[in-house]
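Below, each value reflects all heavy atoms present in this structure, side chains not excepted, and no hydrogens, waters or symmetry copies.
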Amino acid sequence: MENRTQEITYSKNPKIKIGIIPGHFATNHSHVNYYVDLNKLKRKYKNAKETAQVLAALYDSTHIDTIVCLEGTQMLGAFLAEELSTGSNRSLNYGNDINVITPEMDSNNQMIFRDDSQSMIWGKHVLLLISSASTGWTIMRCIDCLKYYNGELVSVAALFSAITDVNGIPVHSIFTPADFPGYESHSPAECPMCIAKQKVDALINAYGYSKI
């Protein structure tokens, strides 16, 4: 499958690159025709730092107290907090001590924050940092969680997103389907590849893929 990988470069920064693999892939709640490999942007020091600089520039005029990291974006979240706090002195976040936190999943797979970390959410302006968004399902789960803990979600930052907002909350991303035309996302019941009896290549999530 790896020999089908195509490299896509971010138009505003040639150091930021991702890999895409065409095929038939299944997530927990959709089927897509591309696997988008974002691992380098999340797991390699230099790539994550470059990516954080790009994301930080999007939020100069957005007050952010806390970054909630999902889908393995913790290192990127730390760099983003640093860029927001120490980057442009014109930014609303310049000099702020920004919280970086990841929710825990309980036995019912619900997002929770323990008592000693809830002060980082309660009454705070929250930026959600995720790897990718295709349907908005994960974002909706986080919205419900933050409402419970009285946090205000002001925006979502994604490395790749096929959507631009969820319930009026903006989703800003570095890569979109326009970077590789032909991207499709369908519910499993309506997937044209399944209807055509095309074999699923792999199960995918924000952490990678598992071939079938």
Side-chain angles (χ1 to χ4, degrees), residues 1-55 57-58 69-77 79-80 102 105 109 128-142 156-166 170-212:
M1 193 169 79
E2 290 79 1
N3 60 8
R4 288 182 273 161
T5 301
Q6 305 168 24
E7 190 173 75
I8 304 295
T9 301
Y10 181 51
S11 60
K12 297 180 181 179
N13 186 333
K15 295 180 181 179
I16 298 176
K17 301 177 182 180
I18 61 172
I20 61 171
I21 301 174
H24 184 189
F25 303 99
T27 74
N28 286 339
H29 43 275
S30 67
H31 283 203
V32 295
N33 63 338
Y34 279 101
Y35 167 64
V36 184
D37 183 0
L38 303 165
N39 284 319
K40 288 182 180 179
L41 305 190
K42 296 185 296 182
R43 297 172 179 170
K44 294 181 74 69
Y45 167 83
K46 291 182 179 179
N47 295 87
K49 196 165 181 63
E50 291 282 345
T51 303
Q53 291 173 358
V54 170
L55 290 174
L58 301 174
C69 300
L70 297 182
E71 304 177 340
T73 60
Q74 287 88 342
M75 180 168 70
L76 179 57
F79 283 136
L80 179 54
T102 298
M105 299 295 180
N109 203 33
L128 174 62
L129 178 61
I130 61 174
S131 178
S132 64
S134 56
T135 64
W137 184 81
T138 300
I139 298 172
M140 286 299 302
R141 289 183 63 204
C142 192
V156 178
L159 301 178
F160 166 78
S161 181
I163 56 178
T164 56
D165 75 276
V166 175
V171 179
H172 298 293
S173 63
I174 294 178
F175 293 95
T176 73
D179 294 300
F180 37 101
Y183 175 87
E184 296 179 9
S185 176
H186 303 276
S187 68
E190 298 175 345
C191 174
M193 292 175 286
C194 288
I195 294 171
K197 301 187 183 305
Q198 180 180 339
K199 178 182 177 293
V200 173
D201 292 297
L203 304 177
I204 63 173
N205 61 20
Y207 298 95
Y209 65 80
S210 297
K211 297 179 184 178
I212 294 179

Task: OG1 on Thr9 to NZ on Lys15, rounded to 0.5 Å - done: 13.0 Å

- [ ] Look up atom CG in Asp37 and atom CD in Gln6, then write down how far apart they are to the nearest 0.5 Å.
- [x] 12.5 Å

Open item on the list: Is it the case that the side chain of Asn33 and the backbone of Gly182 share a donor-acceptor pair, with hydrogens and angles ignored and the cut-off at 3.5 Å?
Closed with: yes

TODO: Apply the side chain to side chain contact (heavy atoms under 4.5 Å, CB included) test between Ile139 and each candidate in Asp165, Val166, Leu70; give the one that qualifies.
DONE: Val166

Open item on the list: Taking the ring centre of each residue, are Tyr34 and Phe180 less than 6.0 Å apart?
Closed with: yes

Task: Donor-acceptor contact below 3.5 Å, side chain His24 vs main chain Gln198 - done: yes

Open item on the list: Distance check, rounded to the nearest 0.5 Å: Glu184 atom CD versus Cys191 atom SG?
Closed with: 8.5 Å

Open item on the list: Consider side chain to side chain contact (heavy atoms under 4.5 Å, CB included). Of Val156, Thr73, Leu159, which one does Ile130 pass it with?
Closed with: Val156

Task: Backbone of Cys69 reached by a side-chain donor or acceptor of Thr102 within 3.5 Å - done: yes

Open item on the list: To check you understand the geometry: which heavy-atom pair defines the closest contact between Ala157 and Leu55, and what is its length?
Closed with: CB-CD2, 4.4 Å

Open item on the list: So does Ile21 get a backbone contact from the side chain of Arg4, meaning a donor-acceptor N/O pair under 3.5 Å?
Closed with: no

- [ ] With rounding to the nearest 0.5 Å, note down the distance linking NZ in Lys17 to OG1 in Thr51.
- [x] 12.5 Å

Task: Within-4.5 Å side-chain heavy-atom neighbours: Asp179 and Ile20 - done: no

Open item on the list: I need the Ile174 CD1 to Leu58 CG distance, nearest 0.5 Å.
Closed with: 7.5 Å

Task: Donor-acceptor contact below 3.5 Å, side chain Lys199 vs main chain Ile212 - done: yes

TODO: Report yes or no: do Thr27 and Ser30 form a side-chain donor-acceptor pair below 3.5 Å?
DONE: yes

TODO: Please find out if less than 6.0 Å separates the ring center of Phe175 from that of Tyr183.
DONE: no

- [ ] Please confirm whether the backbone N or O of Ser131 pairs with a side-chain atom of Glu71, one donor and one acceptor, at under 3.5 Å?
- [x] yes

Task: Over all atoms of both residues, closest heavy-atom pair of Tyr45 and Met75 - done: N-CE, 3.9 Å

Open item on the list: Evaluate Lys12 against Val54 for side chain to side chain contact (heavy atoms under 4.5 Å, CB included), listing each step before the verdict.
Closed with: CA-CA 9 Å; Lys12 297 180 181 179; Val54 170; over 6 Å; no

- [ ] Mind checking the CZ-OH spacing from Arg43 to Tyr207? Nearest 0.5 Å is all I need.
- [x] 8.5 Å

- [ ] For the residue pair Val36 and Ser132, establish whether any side-chain heavy-atom pair is separated by less than 4.5 Å.
- [x] no

